[in-house]
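Residue numbering restarts at 1 for every chain, and letters A, B, ... go by the order of the sequence lines. Given the structure is predicted, the values throughout are model-derived calculations rather than measurements.
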Amino acid sequence: MGQITLKSVRKSFGDVHVIPGVDLEIRDGEFVVFVGPSGCGKSTLLRLIAGLEDTTAGQILIDGKDATDLPPARRGLAMVFQSYALYPHMTVRKNIAFPLKMAGLSEAEQAKKVEAAAKVLNLTAYLDRRPGQLSGGQRQRVAIGRAIVREPAAFLFDEPLSNLDAALRVTMRQEISELHQALKTTMIYVTHDQVEAMTMADKIVVLNAGRIEQVGSPLDLYHFPDNLFVAGFIGSPKMNLIEGAEAARHNARTIGIRPEHIGVGSGPWEGTVQLSEHLGSDSFVKVQVDGIGVLNVRAGGEIGVHHGDRIRLNPEPDKIHRFDADGKAIR
Amino acid sequence: MARASSPRRMILTTLAAWGVALLIFFPVLWMILTSFKTEASAVANPPELLSASWTLENYAEVWARSDYPRFFWNSVVISIGSTLLGLAVAIPAAWAMAFVPGKRTKDLLMWMLSTKMMPAVAVMIPIYLLFQRLGLFDTKTGLILALMLMNLPIITWMLYTYFKEIPGEILEAARMDGAGLRSEILYVLTPMALPGIASTLLLNVILAWNEAFWTITLTTTKAAPLSAFIASFSAPQGLFYAKLSAASTMAIAPILILGWFSQKQLVRGLTFGAVK
């Protein structure tokens, strides 16, 4: 079981209120991703759940029981750190067995569980090596192995892939997703990478300055951002945000349109191409639109426009997001 | 280290190094040489070297006149005892200061070190009286306590700097893995800091072994270590340089040998963290 509830959780370091107050419900078995720009408090929130930081106020419930004042060792959660945080003086076998040893399991039981975890993570051949003799990806697997052997109520991941190179990141991302499908254990995953958030999450929690901006499924956030922050943060390339007369025409302070929702060829907007990037599968075009400003456009395939060309753009009317003066979505 | 070094430069620096080493070691060397001379030869002026008459008699006499093994044993018990007790106190203290520092941790560290700057003579009378009243005078327990407290600031400082080198995330990982404070220090912190702890231990054994002020002040016969053994040879009847040298050589020989075999560890320990 791994149901985690945060009730008005606050965290201050001296006069700095890192988390001004968060309420959140994480259901058993969910894959929840905390995403936000650096310094938004996502790692702090994870560390509060882990018990590595004390809460200033509020309550943390794990499976309905108050865990606010429990030490990390007694919360039944496992964590995978950004730096892997393996014990350098122990072999892989001992690293993975460490939580079992702490739990007081017999040597035989420890060995059995370590072997099983190593098999799942393709580490069997490396069990007698030290972490220093492993590659980044293998170390990450050991860190995950150490987390899964003790069958925790939930896994906490703190930017676990940010030290890996791009190709390995994709592979490990898929491995973690598959692991979640196999184990069906609650996972809380912190990242600043929205691709990781979109691909892995059942539920994304977008954080900004210690506050939750929106909670929802990846596609909810993509299609129905609650506010300007979420609209700008989720999606790549970023949503175009337009103010002024064009926005007023839609009865809004600001309107937003994603680059992939603007058609090229005919339409109401006209502008000059400033930059065009041709990737084969996609074309990214930066256009100076008359009376509106610079817009990014993403078109499928090759559209054959180049620097200096005059083109017409057609925003899909039902894909225009409207926001009021406070930045809240108008629906 | 990547500096290009011509052979000439190598020879010069090697010669300079040997020169400095000889300068530092000369008093010890002279003492060892003197210990093998006759008393007459030892005090001859100008000093004799090649023309001196050599003898082992001093060692025989020092051995016969005093109970070297007992002094030796006291030194061993006191230096190792005070070191182990010191580590038992300093490891948790350094852990706290390195990993859960408060606002005043830096000040606390400075204050601890500043106690080392106070002249020992200033507290001689109070400590002497305290030891008398508490029945610690001339006991090994008393000396272990005194030397432990004397070296505690240095041990704590050294361990603190080693512990600072250990990433906090690894200790947090241990906490997440279900380790309590004891397991965290025992299974994770201590093994990782072992090189640092080992050199702290060695240095402290040497400091405690060489300590003379308190060991001579606070003992008479029963608990007296080798420092008192040396002092006992500067008799009121006059100085016997050759015998004094023999006694001193016997007193420093064990620690000299220990230092020789552990010099690699010591140097590594003392420069640990300086380059990284």
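Expressed to the nearest 0.5 Å, how far OH of B/Y187 lies from CE of A/M102 amounts to 5.0 Å.
Using a 4.5 Å cut-off between heavy atoms, A/L100 does not touch chain B at all. Residue contact with chain B, scored on non-hydrogen atoms closer than 4.5 Å, is absent for A/R74. If you measure heavy-atom distances from A/A78 to chain B, the contacts under 4.5 Å come from the backbone alone.
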Quick one, B/E172 with A/M79, criterion side-chain contact (heavy atoms from CB on, under 4.5 Å). Give me CA distance, side-chain angles, the key distance, then yes/no. CA-CA 9 Å; B/E172 289 180 346; A/M79 185 150 167; 5.9 Å; no
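Other residues, nucleotides and ligands contribute only 12 or fewer heavy atoms inside 6.0 Å of the OH atom of A/Y126. With a 6.0 Å radius and a threshold of 12 heavy atoms from other residues, nucleotides or ligands, A/K112 has its NZ atom at or below the threshold. Within 6.0 Å of CZ in B/F261 there are 12 or fewer heavy atoms belonging to other residues, nucleotides or ligands. By the neighbour-count criterion of 12 heavy atoms within 6.0 Å, atom CG of A/D128 is densely surrounded, having more than that number from other residues, nucleotides or ligands. Within a 6.0 Å radius of CZ in A/R10, no more than 12 heavy atoms belonging to other residues, nucleotides or ligands are found.
Considering only heavy-atom pairs separated by less than 4.5 Å from chain A, the leading option among B/D177, B/L194, B/V188 is B/D177. In terms of heavy-atom pairs under 4.5 angstrom with chain A, the leader among B/E169, B/R175, B/M192, B/E184 is B/E169.
The shortest heavy-atom contact between A/P88 and B/I170 is CD-CD1, 4.0 Å. Minimum heavy-atom separation, B/A174 to A/Y87: CA-OH, 3.0 Å. Here the closest non-hydrogen pair linking B/A179 and A/A73 is O-CB, 3.9 Å.
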